[in-house]
Amino acid sequence: MPDLLANLNPEQLAAVTLPNEPALILAGAGSGKTRVLITRIAWLIQQGFASPPTILAVTFTNKAAKEMMARLTAMMPIDTRGMWIGTFHGLCNRMLRAHFRDAGLPQTFQILDTSDQLSAIKRLMKGLNIDDEKYPAKNLQYFINNAKEQGLRPKDVDATDSFNMKFVELYAAYEQQCQREGVVDFPELLLRCYELLAHNPPLRAHYQARFRNILVDEFQDTNKLQYAWLKMLAGEHNAIFAVGDDDQSIYAFRGANVGNMHDFEREYHVRNMIKLEQNYRSHGHILDTANFLIAKNSRRLGKNLRTDAGHGEPVRVYEAATDTQEAAWIVEEIKAMIHAGSARGEIAILYRSNAQSRTIEHTLVNAGIAYRVYGGLRFFERQEVKHALAYLRLIDNPNDDTAFARVVNFPTRGIGARSIEQLADAARLYNCSMAAAVPYVMGKAGSSIGAFAQLIAKMRAETQQMSLPETVEYVVRASGLATHYENEREGQDRLENLQEVVNAAAAFVQEEGYGLDTPARSIPLRPGATNAPEIGLATDDPSVDVLDPESPADPAQNPDTMTPLAGFLSHASLEAGDNQAQAGQDAVQLMTVHAAKGLEFMAVFITGLEEGLFPHENSAQESDGLEEERRLAYVAITRAKERLYLSFAQSRMLHGQTRYNIRSRFFDELPEGSLKWLTPKVEAGARWGGRSDNAGWGRDWFARPDKERAAYADPDAGKPLPAFANSQRAADTGFKVGQAVFHNKFGEGTVIGLEGAGADARAQVRFKRHGEKWLALAVAKLQAVE
């Protein structure tokens, strides 16, 4: 027999050889927890304490389950056929298939994935004539799944208002529909299996007698029902061997309950809690950074990671003036690493919000560095972004059938597939575009499609004189996209991405040198350029052939003849299409911190470490919110093996506005001895006239005149002002406080505040009908009223 215990460290050895009683293994990041779990199973079998059919091991992904099985069979020659290793849903499905009659299911029951479930809910609501604007299908889906994960059937849900009472009624109708059709959704698998065991004592006794050894991976990610299911199987005599890390519990938004670890320790009187603190992934400075940070969390079981690999390189910290500068610095560092021989795939860029990726992606594309968005789509490939671009394409060209088909019924307008087929048939019959064929479709279908065509026409008219960023912002609202995602309980990321399209448009206008006030759909006249005739139009100049590809009228040869909107749409298509060219290449990895859990890289960049972004502004409003954000930062830090970068920006374009930020409070919780500031660190408070909770702002702070530095803070207001917020700089904007102004969208207003300079200048305006708004003067077409 192989020596299974060779090369285990003392803590791993103690965990593997524990007696058969409830145990909690606190496994730190990179501490070899998977190895411990697999070796524990092999050791139990080798020593005769268990046989394969008595073992049930639960993981959270199918990939982890397959890896566990493969490593187990490679470790020792055993027959694993009787062993149950899988995810919660996979194991429950297996049990329900074996006992479908007892569970009240047909033998051939089918499983609905998330999208299938949503379609079933929409079909139900349509059949019951439910107003999907008042009761959005997505919200009902969330309500049903949340209730099931709490172990609640419709009769058990406590509904205190008419809205939730309606949801309970629809929940009951949905259950009846699923039962009638012989289908189950993912949460139903677990709830139905739990009820099967709870209501059938002989069956429960059978499985409790069989599974004497229950092992659970990622225990910190279990929800209420999953823990209840485990306890049901364990009964009073079986041992649960739980492996997890409360410091890496980052899925509260999915229902994960980190408190299950504390409850397990208390309810099972756990005597054996072993901490795996030896880290085999990261160097010392990285681990010290992680340890110092997570130590600030009060509700944790506690452990301290250590390594024998030495301190390694210090953690590099960079302060940028803007998010664009931050992205440029990241790319320069990556270039240097690649030049030194590092593989692109060993470099990861992590961000708190998906919307942050757009600026980074753009900079990587310009630098010609291949990249891949892990666990997600590149910015211009995301669903909501493609929807917004489709509307913009229709404004630029109403005869674009692909864009028309994409959004004619999104957000939903009651235009079904049959109506679209009728429109397509009419377009083919009359040899015209779908938009041109709208008048040929009669009846209700024609009325609904006609209303959509009128919406596009209205948007074309309204945006005639708007700049590109204003056009994008208007379209996002007028199309209904923003309202649609606002009504989705989990639509915040999509809303942020839609706002980032506005930012992308503003950046494009500046980078391409278009006039900031140039209407999006007019050919701009740039400094030193002359407007050539449009393609297909006559010209008085006999030397110019407008159909000649070498003609200055050809947009491919002369970008001055492209409208800002056309140029932006081309830019978006090219950046999205670049993904195909990079497929299969060694590529830099981009991802959210949530997606990074379980992965490791030679070098890691953690970006956007600013108050309101990381930690996220929502964390202040949620119970345990800040501690979860700290756990999220801990997970990000511990992804790095050799090199770690932390960065933040003084200003960042988010939600369509320039935001002036202070560095994350997490910097004050890190060990100074492990950090190397690439930009001089200004002591907290210096930048803001004595405020101790804010950070310094750049390498030239102390080089500025005392008078100018004093002007950065307003002692009377008791709050900080953004960079260059003094009277002289404000005067350079051409506006003054108290001045009457006019905006094409918001109407008449009065300037009540000014800040910034040049491209970063902003004005705070109180509009008569729209309240107070901050406007970026480089983008917004704000006019002074005499």
Side-chain angles (χ1 to χ4, degrees), residues 29-30 245 247-251 253 281-283 285-287 289-290 293-294 313 315-320 323 326-334 337 342-364 369-379 382 493 496-497 500 587-616 619 628-649 652 654 661 663-664 666-667 669-670 675 678:
D245 183 2
D247 291 334
Q248 295 189 71
S249 179
I250 60 173
Y251 295 123
F253 67 97
R281 175 188 300 158
S282 308
H283 287 164
H285 282 311
I286 295 171
L287 296 182
T289 303
L293 178 68
I294 202 63
E313 301 178 15
V315 175
R316 295 166 171 84
V317 182
Y318 183 80
E319 176 184 13
D323 53 342
E326 178 189 45
W329 165 75
I330 290 171
V331 169
E332 287 303 314
E333 288 290 325
I334 290 174
M337 282 188 276
S342 297
R344 293 172 180 82
E346 279 294 315
I347 303 170
I349 305 173
L350 311 185
Y351 35 80
R352 177 65 180 83
S353 167
N354 263 312
Q356 291 172 251
S357 78
R358 201 272 311 166
T359 303
I360 299 170
E361 288 186 55
H362 179 59
T363 310
L364 286 167
I369 297 177
Y371 72 91
R372 170 174 173 256
V373 178
Y374 181 90
L377 296 171
R378 295 155 69 100
F379 181 78
R382 293 169 191 165
D493 274 355
E496 290 180 0
N497 285 334
E500 191 59 28
V588 174
Q589 307 293 300
L590 273 66
M591 66 196 74
T592 64
V593 180
H594 281 101
K597 188 170 181 291
L599 304 177
E600 59 182 44
F601 305 92
M602 182 276 291
V604 170
F605 293 83
I606 306 176
T607 66
L609 280 162
E610 299 137 25
E611 283 296 302
L613 186 55
F614 203 175
H616 197 276
S619 64
E628 173 126 348
E629 288 292 300
R630 200 175 276 116
R631 292 195 292 268
L632 199 55
Y634 174 85
V635 167
I637 290 169
T638 52
R639 299 310 95 198
K641 294 191 288 187
E642 298 178 18
R643 188 176 289 188
L644 175 65
Y645 295 88
L646 310 176
S647 65
F648 61 101
R652 184 177 299 275
L654 277 178
N661 309 307
R663 74 185 186 201
S664 171
F666 293 156
F667 281 107
E669 301 173 358
L670 304 181
L675 305 182
L678 302 181

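Worth saying up front: this structure is predicted, and the values here are computed from it rather than measured. Worth knowing before you read on, the calculation uses all heavy atoms, side chains too, and leaves out hydrogens, waters and symmetry mates.
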Please tabulate, for the side chains in residues 635-642, all donor-acceptor contacts under 3.5 angstrom to protein atoms that are two or more places apart in sequence or on a different chain.
unit_1, atom_1, unit_2, atom_2, d
T638, OG1, Y634, O, 2.9
T638, OG1, V635, O, 3.1
R639, NE, V635, O, 2.7
R639, NH1, L599, O, 2.9
R639, NH2, Q248, OE1, 3.3

- Item | For A649 against E610, the heavy-atom pair lying closest together | N-OE2, 2.7 Å
- Heavy-atom side-chain proximity of R630 to L293 below 4.5 angstrom: yes
- Message: Is there a side-chain contact between V604 and L350 in this structure, where contact means two heavy atoms from C-beta onward sitting under 4.5 Å apart?
- Response: yes
- Could I get the full list of ring pair (Phe, Tyr, Trp, His ring centres under 6.0 Å) partners for Y645, not counting sequence neighbours? W329, F605
- Task: For the pair R382 (side chain) and N354 (backbone), establish whether a donor and an acceptor sit closer than 3.5 Å, ignoring hydrogens and angles.
- Result: yes
- Quick one: closest heavy-atom pair of F614 and G608, and the distance? CB-O, 3.6 Å
- Query: How far apart are the C-alpha atoms of T363 and I330, what are their side-chain angles, what is the distance that settles it, and do they pass the side chain to side chain contact (heavy atoms under 4.5 Å, CB included) test?
  - Reply: CA-CA 9 Å; T363 310; I330 290 171; over 6 Å; no
- Does the side chain of E333 reach to within under 4.5 Å of the side chain of Y318, using non-hydrogen atoms? no
- Please check if the side chain of Y371 supplies one atom and the backbone of R344 the other of a donor-acceptor pair under 3.5 Å. no
- Are Q356 and L613 close enough that some pair of their side-chain heavy atoms sits under 4.5 Å apart? yes
- Message: Within the structure provided, determine whether V588 and R372 are in side-chain contact (heavy-atom separation under 4.5 Å).
- Response: no
- Query: Do L646 and V315 have side chains that get closer than 4.5 Å, going by heavy atoms?
  - Reply: yes
- Item | Side chains of E326 and R652 in contact at under 4.5 Å (non-hydrogen atoms) | yes
- E361 side chain near S357 side chain, heavy-atom distance below 4.5 Å: yes
- Item | Shortest non-hydrogen contact from L609 toward F648 | O-CB, 3.2 Å
